[in-house]
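Accompanying notes for the structure given below.
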Amino acid sequence: MSRLLRDRQSLPARDDLPWWLSPVPTTLENLGFRLVWLVVAINLAGTAFGFWYYRAQFAATPAEMWLFVPDSPMATLFIAGAFALWALGRQHDTLTALAFFGNIKLGLWTPWVLVVFAEEFLAFTPLPLYAFLLVSHLAMVVQAFVLHRITDFPVRAVGLAVLWYTVDLTVDYFIPIIGEPHHTVIPLARETPVALEATAFQLAAWGAVVLTIIPLFWALATRVRKHNSERPRDS
């Protein structure tokens with residue numbers, strides 16, 4: 001294990017951010033960066049599993065739209081790339097912003113639908129797999145909140161991440177371009193009433209919309225806080 005650990009002196013500095021922008025304990029953040037290649041490997045394994053998990057949806061989707069099918073696997077691929085480039089001394093702000101948005105959005109959207117449609121999911125999903133999907137996606141959120149240490153979320157990078165996830169959101173739920181909407185399959189017919197007169201499709205779409213907006217707020221709030229902390233104070 002000691003051979004996998006990076007030297008403490010190589011770790012990126014931790015800015016003085018409020019808890020709601022950096023909720024992960026410093027000790028856990030440091031461990032993640034010291035074991036960065038293990039973190040990269042875990043995310044790549046998750047990406048491979050995710051592509052396998054979406055195999056049926058790939059088969060039912062026109063090849064031209066495959067890019068919009070594996071949402072969570074793309075997010076873990078983004079963050080694996082972001083951490084790997086940092087470890088190689090080639091940190092990339094746009095890739096890091098994509099990773100931040102994707103891991104928060106999909107890391108929270110999947111537990112949302114797993115809980116809202118729990119009875120339907122558990123009807124065909126073994127409990128260990130259901131628990132794995134729930135916990136692993138929440139772990140995506142945890143690792144997203146470590147990324148503030150390797151980027152200050154430049155406006156251009158955030159803008160490109162917003163553009164990608166807005167296009168993805170549009171194709172998934174509103175304008176599919178080719179074929180049916182390309183969102184992750186939910187275990188109910190789209191027009192099934194679920195709660196408060198909302199359909200299954202509307203609840204899934206609502207979660208996706210909200211969770212596209214929230215990372216934007218967190219990213220820009222982090223940028224403002226980091227920028228303000230760097231400004232010299234009047235004596």
Side-chain angles (χ1 to χ4, degrees), residues 20 46 50-51 53-76 78 97-127 129-142 144-145 158-221:
W20 52 275
F51 276 91
Y53 186 85
Y54 279 96
R55 65 195 185 283
Q57 194 167 343
F58 277 124
T61 301
E64 303 93 314
M65 304 305 294
W66 279 2
L67 182 63
F68 299 99
V69 171
D71 291 331
S72 293
M74 289 295 291
T76 53
F78 286 151
L98 285 165
F100 181 79
F101 273 73
N103 279 263
I104 289 180
K105 177 179 178 177
L106 283 311
L108 291 176
W109 182 86
T110 301
W112 160 248
V113 295
L114 284 172
V115 171
V116 170
F117 307 131
E119 182 178 349
E120 291 76 18
F121 271 112
L122 287 169
F124 65 89
T125 306
L127 183 58
L129 177 57
Y130 178 90
F132 168 75
L133 292 172
L134 186 66
V135 172
S136 62
H137 280 81
L138 291 175
M140 290 169 62
V141 182
V142 174
F145 276 112
V158 172
L160 290 172
V162 171
L163 176 62
W164 165 249
Y165 279 104
T166 300
V167 171
D168 182 65
L169 175 69
T170 301
V171 170
D172 276 357
Y173 294 97
F174 303 106
I175 306 174
I177 301 177
I178 298 174
E180 297 289 323
H182 306 291
H183 61 83
T184 300
V185 174
I186 55 177
L188 284 172
R190 290 174 181 157
E191 299 305 319
T192 304
V194 178
L196 301 176
E197 300 185 0
T199 66
F201 179 82
Q202 288 172 333
L203 286 177
W206 176 83
V209 170
V210 171
L211 293 171
T212 302
I213 297 170
I214 288 176
L216 172 62
F217 167 75
W218 270 326
L220 294 181

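Residues: numbered from 1 along the sequence shown. Computed from heavy atoms alone, side chains included, the values below leave out hydrogens, waters and symmetry copies. What you see is a predicted model, and the numbers here were worked out from it, not measured in a lab.
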N/O donor-acceptor pair under 3.5 Å between Y130 side chain and L114 backbone: yes
Closest non-hydrogen atom pair, Y54 against D71: OH-N, 4.1 Å
Closest non-hydrogen atom pair between M65 and P176, with its separation: CE-O, 3.5 Å
Contact summary for W66 and P62, nearest pair of heavy atoms: CD1-O, 3.4 Å
Reported CG-to-CZ distance for the pair L188 and F117, which is rounded to 0.5 angstrom: 6.0 Å
Distance-minimising heavy-atom pair for M140 and G102: CE-O, 4.4 Å
Closest heavy-atom pair and its distance - G207, W112: CA-NE1, 4.0 Å
4.5 Å side-chain heavy-atom contact, I214 and L108: no
Shortest non-hydrogen contact between W109 and A208, atoms and distance: CD1-N, 3.5 Å
Side-chain (D168) to main-chain (W164) donor-acceptor, under 3.5 angstrom: no
Evaluation steps, side chain to side chain contact (heavy atoms under 4.5 Å, CB included), between L160 and L98: CA-CA 8 Å; L160 290 172; L98 285 165; 6.0 Å; no
Contact check, side chains of Y165 and L106, non-hydrogen atoms, under 4.5 Å: yes
V171, V69, V113, D172 screened by side chain to side chain contact (heavy atoms under 4.5 Å, CB included) with H183, the one that passes: D172
Partners meeting side-chain hydrogen bond (donor to acceptor under 3.5 Å, both in side chains) with Q57 (sequence neighbours left out): none
By side chain to side chain contact (heavy atoms under 4.5 Å, CB included) - contacts of A198 (at least two apart): Q202, L203
Inter-residue atom distance K105.NZ - T110.OG1, 0.5 Å rounding: 10.5 Å
CA sep, side-chain torsions, deciding dist, call: L67, M74, side chain to side chain contact (heavy atoms under 4.5 Å, CB included): CA-CA 9 Å; L67 182 63; M74 289 295 291; 4.1 Å; yes
Matching residue for W218 among F101, F100, F145, W20 - test: ring-ring contact (aromatic ring centres under 6.0 Å, His included): F145
Partner residues of V209 under the side chain to side chain contact (heavy atoms under 4.5 Å, CB included) criterion, sequence neighbours left out: L169, F174, I213
pair F68-V167: side-chain heavy atoms closer than 4.5 Å: yes
Short side-chain donor-acceptor distance under 3.5 Å, H182 and T61: no
